[in-house]
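Input: a single structure, listed below in structure tokens.
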Amino acid sequence: MPELPEVETVARGLRLPLEGQRLAEVEVRVPALRWPLPRGLARRLTGRQVLSVGRRAKYLLIALDRDEVLLAHLGMSGRILLVPAGEERAPEPHDHIVLRTEAGSEIRFNDARRFGMVDLVPQPALEEHRLLAGLGPEPLGNAFSGPMLAAALEGKATPIKAALLDQRVVAGLGNIYVSEALFEAGIAPRRLARSVQGERAERLARAIKSVLHRAIAAGGSSLRDYVQTSGELGYFQHQWAVYGKEGEPCPGCTCGKGVRRMVQSGRSTFYCAVRQR
DNA sequence: ACGAGAACCTGTTTGC
DNA sequence: TGCAAACAGGTTCTCG
């Protein structure tokens with residue numbers, strides 16, 4: 001589920017129910033996700049006030065009073081479910097962490113596969129946190145550009161597909177948006193990263209920004225459903241050009257061959273063999 | 001040092 | 001229909 005646009009959508013959806021609220025009750029129902037949860041997490045969170053909800057790469061950053069930040073990653077299958085104040089809903093399987101605010105709404109972290117991660121970090125140490133320290137630039141940040149991307153790809157002997165999944169190169173892209181961005185930029189997924197320079201890097205940086213912006217806009221339009229019901233993908237899935245479209249005609253392309261699927265380092269890549277070079 | 005593949009889990013879809 | 005295999009939006013670890 002969660003690449004940058006999905007996490008951004010979740011962060012936006014959590015602002016209203018969480019910001020300014022005190023956590024009246026906290027339940028931690030599993031000992032570990034990907035790693036053991038911080039000791040005494042429920043106790044340490046109870047009574048704390050939420051100052052703000054933000055995002056870095058695919059991480060949710062929930063800033064608390066007393067200078068601590070709740071850091072959360074949704075892994076592959078993680079979702080945030082919101083139960084509005086006044087509604088009762090029995091805990092469902094894999095509802096691992098449940099936060100209840102003073103106002104009565106419930107925020108649940110549900111993650112069937114438990115690839116997600118949660119940590120509680122002192123604010124001053126946030127940037128050096130082992131999960132955040134090595135992250136590359138935010139693709140939607142002002143600093144991110146063709147030349148910056150070109151520099152990050154320089155000398156890399158790996159396919160561009162794999163390089164873009166590397167969070168040290170750019171932070172926040174995942175398997176879906178890499179396929180989409182490469183299609184939009186007209187770059188073949190197998191092309192070596194080091195050969196993406198100059199105008200190609202420029203096109204790719206632009207495509208990345210454009211795809212992410214459009215996905216966030218679509219996620220935003222389905223924001224309530226997204227957070228409240230199941231955490232499923234927002235409406236952007238209806239706008240995918242190639243992802244999951246093997247055999248279908250590629251949009252705006254007259255190649256007649258349709259979208260192809262291949263496997264690169266164990267993961268599906270969708271592309272047009274004619275338009276992407 | 002770098003890149004490819006395995007490993008971590010469970011749920012759903014696909015194929016025989 | 002039933003069952004097994006393949007596959008799923010991520011990251012880290014190991015090995016060559």
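Letters go in sequence order (proteins before strands), and every chain restarts at 1.
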Distance, rounded to the nearest Å, where [X] contributes [atom1] and [N] contributes [atom2]:
X	N	atom1	atom2	value
A:Leu74	B:dC9	CG	P	19 Å
A:Leu164	C:dG10	CG	C1'	15 Å
A:Asp111	C:dA8	CG	P	18 Å

Does NZ or CZ of A:Arg214 fall inside the cone over A:Trp240's six-membered ring, less than 6.0 Å from its centre and within 45° of the axis? no
Residues two or more places apart in sequence or in another chain: which of them pass side chain to side chain donor-acceptor pair (under 3.5 Å) with A:His129? A:Asp119
Is it true that A:Lys58 and A:Glu6 make a salt bridge, defined as a side-chain N closer than 4.0 Å to a carboxylate O? no
Tell me every residue that passes ring-ring contact (aromatic ring centres under 6.0 Å, His included) with A:Phe183, counting only those two or more places apart in sequence or in another chain. none
Could you tell me whether [X] contacts a base, only the sugar-phosphate backbone, or nothing, with contacts defined as non-hydrogen atoms closer than 4.0 Å?
X	value
A:Leu131	sugar-phosphate
A:Gly266	nothing
A:Pro159	sugar-phosphate

So, for A:His96 and A:Phe109, is the gap between ring centers shorter than 6.0 Å? no
C:dA8, C:dT12, B:dA4: which one has an atom nearest the side-chain heavy atoms of A:Arg261? C:dA8
Summary of protein contacts for nucleotides 10-16 of chain B, nucleotide by nucleotide, where a base hit scores B, a sugar-phosphate-only hit scores S (4.0 Å, heavy atoms): BS-----
In the strands shown, is B:dA4 matched to any nucleotide by a Watson-Crick or G-U wobble pair with both distances under 3.5 Å, and which? C:dT14
Side-chain N or O of A:Gln167 less than 4.0 angstrom from OP1 or OP2 on C:dG10? no
Checking side-chain polar atoms at under 3.5 Å, does A:Glu184 have a donor or acceptor matched by the opposite partner on A:Ser210? yes
